[in-house]
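Taking it in order: structure first as structure tokens, then the write-up.
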Amino acid sequence: MKKKKVLLFNAVPTNNGDAALVFSLYDLLEQKGFEVSIASNHYDLVAPVYGGAYKIVKELGKYKISNRIRFSSTFLTALFTPLFFLLSKAFIRTNVLIACPGGYINSYYGFSKIAVTLMMGKLLGKKTAIYSQSIGPLNSKDKKLMRCMYKFVDVIYVRDEYSYQLLHRLLPDEKKYYKVEDAAFIIPFTPVDTANRKVAISVRAWKHDNRKKDAFFKIIEQIISFLVSKGYAVDFISTCQGLDAYVDDSIIAAEIYEILDPELQSKVTVNKKYFKVSELQEKIGEYDFVIGTRLHMCILSMLKGKPCFNISYERKGKEAYKYLGLEEYSVDYNEEVSVVEDRLISFFNNLDDIAEKMRAVMPEQNKKAENYFNKFLKRMDIHH
């Protein structure tokens with residue numbers, strides 16, 4: 001029997017958080033007997049790194065002809081997406097079209113291209129889905145787009161309560177959307193015990209929601225001062241770094257390093273190296289615990305058994321920590337420094353208890369993620 005083809009689209013594996021999401025889903029689909037491909041943005045960066053292990057194809061519109069036209073607006077990109085779809089063998093020949101897990105369906109980035117891709121897929125008779133997304137915030141225009149897109153999607157998995165409630169307010173038909181949790185929990189829990197007196201900190205720039213860079217810098221400076229006072233060395237390291245043509249969190253890390261007192265600088269290193277996702281997971285195992293601004297730096301750390309303190313720049317961080325029972329160890333990107341200090345002290349004083357909790361909670365998260373996936377196949381009514 002010929003294998004059914006599944007295409008995971010709008011992937012950004014240059015971001016190791018996204019890489020963890022899309023590759024774990026890819027592996028599960030392959031294990032179930034599907035022929036899987038990944039349509040990747042930044043194809044020229046991704047294919048040389050991961051092309052040997054995964055079937056990588058170009059995302060719609062990522063061709064020389066479209067680059068020459070230089071579509072600067074989301075509207076023009078969406079307008080030409082149907083043409084790109086019809087010209088792409090990977091998209092035309094697939095049986096199932098799944099928008100990759102992540103956090104990109106919001107009005108910060110715009111999702112018209114994703115919407116049109118799903119619409120085209122459904123009009124051409126394909127199964128369509130959105131897997132484990134955070135959705136929102138949405139402006140009035142994007143709320144209308146969501147209502148339209150919803151008619152062309154068979155199943156939507158959202159990964160937090162905020163996203164679920166947003167859809168509940170927008171959409172009368174509850175039969176197609178479901179609240180699950182982050183897809184990265186598909187990755188097996190492989191705890192590593194270390195006591196190297198080293199801590200990893202991931203940072204990122206965030207200009208939306210009236211967030212202020214200076215306030216974030218003060219938080220990180222306060223955290224570093226606390227950690228150094230407790231005898232720890234600190235490495236800035238992130239899921240997004242080391243690639244010239246992509247977002248590089250080591251740039252903002254270097255900015256923070258420059259404002260530190262020389263005494264603190266002597267205990268801090270800015271790691272600028274690019275890591276494949278498996279290499280980053282191995283690197284995380286070297287740290288005693290992690291301070292994570294990017295959510296998937298936190299989740300990858302917890303899957304290595306590392307306690308992780310979260311600085312939430314979007315709702316998805318706080319939402320994840322809420323369902324994990326770790327809400328008291330998550331603070332806002334522009335939180336009051338006094339609140340950060342109180343919660344960080346509590347986190348530090350309970351490191352052993354949190355590590356023990358990881359050993360109980362993470363295997364359960366693995367089981368839940370697998371269960372969500374199996375139900376997804378049934379809800380989509382797809383079989384290899």
Side-chain angles (χ1 to χ4, degrees), residues 12 14-21 102-104 106 108-109 134 159-160 182 184 198-227 232 234-242 246-260 268-272 275 277 280-281 283-284 287 289-304 306-322 324 326-337 339-341 343-344 347-348:
V12 190
T14 42
N15 176 326
N16 274 318
D18 286 28
L21 293 168
Y104 51 79
N106 55 53
Y108 303 138
Y109 307 138
S134 288
R159 61 181 177 179
D160 53 60
D182 197 279
K198 291 201 306 182
V199 178
I201 297 182
S202 85
V203 294
R204 73 158 298 170
W206 189 250
K207 62 184 179 181
H208 304 290
D209 304 314
N210 297 313
R211 296 302 214 285
K212 305 298 183 186
K213 184 170 75 169
D214 290 346
F216 175 62
F217 279 23
K218 285 179 182 178
I219 288 173
I220 301 300
E221 185 177 11
Q222 177 68 22
I223 289 172
I224 291 172
S225 180
F226 176 83
L227 294 174
Y232 288 90
V234 175
D235 285 354
F236 279 110
I237 185 170
S238 179
T239 52
C240 298
Q241 63 181 48
Y246 190 65
V247 176
D248 189 343
D249 291 340
S250 71
I251 294 172
I252 191 171
E255 287 184 44
I256 296 172
Y257 177 87
E258 289 301 320
I259 69 169
L260 299 175
V268 175
T269 301
V270 178
N271 189 315
K272 299 181 179 181
F275 294 89
V277 63
L280 180 63
Q281 287 178 279
K283 182 69 176 176
I284 287 170
Y287 299 102
F289 56 93
V290 174
I291 311 294
T293 305
R294 287 193 180 270
L295 174 60
H296 287 100
M297 186 69 181
C298 297
I299 292 177
L300 289 174
S301 301
M302 288 187 279
L303 288 167
K304 299 302 289 187
K306 304 298 178 183
C308 191
F309 188 85
N310 172 244
I311 303 167
S312 184
Y313 62 96
E314 284 186 289
R315 290 293 297 263
K316 62 186 179 183
K318 287 190 175 182
E319 292 291 331
Y321 268 60
K322 188 184 296 183
L324 291 171
L326 297 168
E327 191 173 7
E328 62 186 300
Y329 305 126
S330 177
V331 298
D332 187 76
Y333 191 86
N334 277 181
E335 194 74 74
E336 291 291 334
V337 172
V339 175
V340 176
E341 185 174 17
R343 293 195 179 186
L344 183 63
F347 173 79
F348 184 79

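When a residue number appears, it is its place in the shown sequence, counting from 1. Computation of the quantities below employed the complete heavy-atom set of this structure, encompassing side-chain atoms and omitting hydrogens, waters and symmetry-equivalent molecules. Since the model is a prediction, treat every value here as computed from it, not as a measurement.
- In this structure, the side chain of S312 does not engage the main chain of D332 through any donor-acceptor pair within 3.5 Å.
- Side-chain contact annotation: Y108 with D209, donor-acceptor N/O pair under 3.5 Å present.
- Looking at heavy atoms from C-beta onward, Y257 lies out of side-chain contact with V234 at the 4.5 angstrom threshold.
- Ring centroid separation for the pair Y287 and Y232 does not come in under the 6.0 Å cut-off.
- A heavy-atom distance below 4.5 Å is not found between the side chains of E314 and H208.
- Atom CD1 of residue I201 and atom CD1 of residue I220 lie 5.5 Å apart, to the nearest 0.5 angstrom.
- Here K213 pairs with E255 in a salt bridge; the nearest charged N to carboxylate O distance falls below 4.0 Å.
- To the nearest 0.5 Å, the span separating CD1 on I251 from SG on C240 amounts to 11.5 Å.
- Between N15 and V247, the closest side-chain pair of non-hydrogen atoms is not below 4.5 Å.
- Counting non-hydrogen atoms of other residues, nucleotides and ligands closer than 6.0 Å to NZ of K218 gives a total of 12 or fewer.
- More than 12 heavy-atom neighbours from other residues, nucleotides or ligands sit within 6.0 angstrom of NZ on K318.
- Considering every non-hydrogen atom in both L21 and A184, the closest pair reads CD2-N, 3.3 Å.
- Between R343 and E327 the shortest heavy-atom distance is NH1-O, 3.7 Å.
- Between the side chain of T269 and the main chain of N271, no donor-acceptor pair closer than 3.5 Å is present.
- Looking at I237 and M297, their side chains come closer than 4.5 Å, going by heavy atoms from C-beta outward.
- Taking the six-membered ring for Trp and the full ring otherwise, F309 and F347 have centroids separated by under 6.0 Å.
- Under the 3.5 Å distance criterion, with hydrogens and angles disregarded, no donor-acceptor pair is assigned to the side chains of D18 and H296.
- Residues I291 and L344 form a side-chain contact, since some pair of their non-hydrogen atoms from C-beta on lies under 4.5 Å apart.
- Across every non-hydrogen atom of A19 and V277, the tightest pair is CB-CB, 4.1 Å.
- With values rounded to the nearest 0.5 angstrom, F217 atom CZ is found 4.5 Å from I256 atom CD1.
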Task: Working for salt bridge (Lys or Arg N to Asp or Glu O under 4.0 Å), residues K272 and D248 - done: CA-CA 8 Å; K272 299 181 179 181; D248 189 343; over 6 Å; no
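- Between Y109 and W206, the ring planes lie perpendicular to each other; the angle is over 60°, past the 30° to 60° tilted range.
- Considering NZ of K316 and CG of D182, their distance stands at 8.5 Å, rounded to 0.5 Å.
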Task: CA sep, side-chain torsions, deciding dist, call: K212, D214, salt bridge (Lys or Arg N to Asp or Glu O under 4.0 Å) - done: CA-CA 6 Å; K212 305 298 183 186; D214 290 346; over 6 Å; no
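- Two residues are said to be in side-chain contact when any heavy atoms from C-beta on lie closer than 4.5 Å; I223 and F226 fail this criterion.
- Annotation: the span from T293 atom OG1 to I252 atom CD1 amounts to 8.5 Å, rounded to 0.5 Å.
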TODO: Could you walk me through whether Y313 and R211 pass side-chain hydrogen bond (donor to acceptor under 3.5 Å, both in side chains), step by step?
DONE: CA-CA 8 Å; Y313 62 96; R211 296 302 214 285; over 6 Å; no
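- One N or O on the side chain of Q241 and one on the backbone of S238 form a donor-acceptor pair closer than 3.5 Å.
- Nearest heavy-atom pair, L300 versus A20, reported as atom, atom and distance to 0.1 Å: CD2-CB, 3.9 Å.
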- [ ] Check the pair C298, Y329 against side chain to side chain contact (heavy atoms under 4.5 Å, CB included), reporting the backbone distance first and the verdict last.
- [x] CA-CA 11 Å; C298 297; Y329 305 126; over 6 Å; no
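- Separating the OG atom in S301 from the CZ atom in R294 is a distance of 13.5 Å, to the nearest 0.5 Å.
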TODO: Just do the salt bridge (Lys or Arg N to Asp or Glu O under 4.0 Å) check on D249 and R204 with the steps written out, would you?
DONE: CA-CA 5 Å; D249 291 340; R204 73 158 298 170; 5.4 Å; no
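- By the 4.5 Å heavy-atom criterion applied to side chains, S134 and D160 are counted as neighbours.
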Open item on the list: Pair N16, T239 - check side-chain hydrogen bond (donor to acceptor under 3.5 Å, both in side chains), show working.
Closed with: CA-CA 5 Å; N16 274 318; T239 52; over 6 Å; no
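- Using a 4.5 Å heavy-atom threshold, the side chains of V203 and F236 count as touching.
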